Amino acid sequence: MSQAIEFWEDFYAEREVWSGQPNALLVREAADLPPSTALDLGCGEGADVIWLASLGWRATGVDASATALKRAAAHAADAGVTERVAWQQHDLSLSYPDGEFDLVTAAFLHSPVAGDGERNRILAQAAKAAVAPGGLLLIIGHAGEHPKHGPLPTTAEVLADLALGPDWTIEKDEVVSRPESKAGTGLDNLLRLRRQGLRP
């Protein structure tokens, strides 16, 4: 068992984090897209995948934790979208889902046990192999200093590490305020990146 799988299995064994609500920035960016195929990297208990499926997407959720994926499948059944979702267990530093998707989303793909540059390599793999021609890569991350993860990369740093070629367009590069459960707001980074071209 890899370190990531062990960590996230322990994390979900100790708590349930299901809110039933999709990520607000995903909703903002994807609600008006025509339903097609989607991949959610680090899907947790599946709220984003289930929301996409409810709109007609064929959505695949990937997580390191089998416990989280089992709960996600149960929530998908409750929502009546089982036929439009798939769940895969991957430590994304070691293995990666096959196929190309019209939307690839990575929301808060931060891990306290990730190695140096691991997140960058996972996102670069998404851009290189998972996003179909004409498709979108949506990267949402915490901004600034995080109590568990330390200083987090800016959108400029993420883009520099991705080193995207001329066949990519930056549609959005934003820092967005997010209401916190306690008084005040947090900040999130948002990158909406489109791969040029048409599906063959």
Side-chain angles (χ1 to χ4, degrees), residues 1-19 21-30 38-49 51 60-69 71-72 88-97 103-127 130-131 136-163 172-182 184-193:
M1 182 182 296
S2 73
Q3 185 179 22
I5 289 175
E6 183 175 7
F7 175 85
W8 290 110
E9 272 295 290
D10 290 345
F11 178 90
Y12 284 103
E14 293 173 358
R15 63 184 64 77
E16 291 192 32
V17 297
W18 174 255
S19 70
Q21 300 299 314
N23 182 285
L25 288 176
L26 173 64
V27 172
R28 191 190 82 175
E29 298 301 319
L39 173 66
D40 184 12
L41 301 175
C43 68
E45 293 176 346
D48 289 354
V49 172
W51 176 76
T60 298
V62 172
D63 203 88
S65 168
T67 297
L69 294 173
R71 292 176 186 163
Q88 297 184 24
Q89 184 183 18
H90 290 274
D91 174 345
L92 289 167
S93 69
L94 302 175
S95 64
Y96 214 86
L103 172 65
V104 177
T105 179
F108 307 123
L109 192 65
H110 308 298
S111 172
V113 295
D116 289 343
E118 183 176 306
R119 180 174 182 262
N120 297 336
R121 290 190 293 273
I122 291 169
L123 295 175
Q125 179 70 8
V131 181
L136 282 173
L137 174 59
L138 189 65
I139 303 171
I140 301 165
H142 295 304
E145 185 84 17
H146 191 275
K148 292 183 180 179
H149 307 296
L152 296 170
T154 64
T155 56
E157 290 168 335
V158 173
L159 288 170
D161 288 325
L162 287 176
K172 292 187 180 180
D173 177 351
E174 300 177 3
V175 179
V176 182
S177 295
R178 164 179 38 84
E180 297 275 53
S181 56
K182 300 179 181 179
T185 60
L187 296 176
D188 292 330
N189 290 326
L190 169 73
L191 285 169
R192 175 174 165 145
L193 311 171

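Along the sequence shown, the residues carry numbers beginning at 1. Owing to the predicted nature of the structure, the values given are computational and were not obtained by experimental measurement.
- If you take CG on Leu123 and CD on Glu118, they are separated by 10.5 Å, rounding to the nearest 0.5 Å.
- Using bins of under 30°, 30° to 60° and over 60° for the plane-to-plane angle, the ring pair Phe11/Trp8 lands in the perpendicular bin.
- Once rounded to the nearest 0.5 Å, the distance linking CG of Leu159 with CD1 of Ile139 reads 7.5 Å.
- For the atom pair OG of Ser111 and CZ of Arg119, the computed distance is 11.0 Å after rounding to the nearest 0.5 Å.
- Residue Gln89 comes nearest to Ala64 through the heavy atom pair NE2-O, 2.9 Å, listed as atom of the first residue, atom of the second, then distance.
- Once rounded to the nearest 0.5 Å, the distance linking CG of Leu138 with CG of Leu39 reads 12.0 Å.
- The distance from the CD atom of Glu29 to the CG atom of Leu136 is 8.5 Å, given to the nearest 0.5 Å.
- Side chain of His142 to main chain of Leu152: no donor-acceptor pair is present (N/O by atom type, distance under 3.5 Å, no hydrogens or angles).
- Side-chain atoms of Asp63 come within 3.5 Å of backbone atoms of Gly44 as a donor-acceptor pair (strictly under, hydrogens ignored).
- If you check the side chains of Asn189 and Thr155, you find no donor sitting under 3.5 Å from an acceptor.
- With a 4.5 Å cut-off on side-chain heavy atoms, Leu69 and Cys43 count as touching.
- In this structure the side chain of Thr105 never reaches within 4.5 angstrom of the side chain of Asn23, judged on heavy atoms.
- Side chains of Ile5 and Ser65 form no contact here, defined as non-hydrogen atoms less than 4.5 Å apart.
- Within the 3.5 Å criterion, the main-chain N or O of Ala68 finds no donor-acceptor partner in the side chain of Glu45.
- With rounding to the nearest 0.5 Å, the separation of CG in Leu41 from CG in Leu109 is 6.5 Å.
- Without hydrogens or angle criteria, Arg71 side chain to Tyr12 main chain gives a donor-acceptor distance under 3.5 Å.
- Proximity of a side-chain donor or acceptor of Glu9 to a complementary backbone N or O of Glu6 within less than 3.5 Å is not detected.
- Taking each heavy atom of Asp48 and Pro22 in turn, the nearest pair found is OD1-CA, 3.2 Å.
- Put simply, the side chain of Pro153 does not reach to within 4.5 Å of the side chain of Asp161, judged on heavy atoms.
- Across every non-hydrogen atom of Ala126 and Leu137, the tightest pair is CB-CD1, 4.2 Å.
- For Tyr96 (side chain) and Ile122 (main-chain N/O), a donor-acceptor pair under 3.5 Å exists by modelled atom type.
- Every salt bridge (charged side-chain N to carboxylate O under 4.0 Å, His left out) that Arg28 has, sequence neighbours left out, goes to Glu174.
- Sparse packing is recorded around CD of Gln3, with 12 or fewer heavy atoms of other residues, nucleotides or ligands lying under 6.0 Å away.
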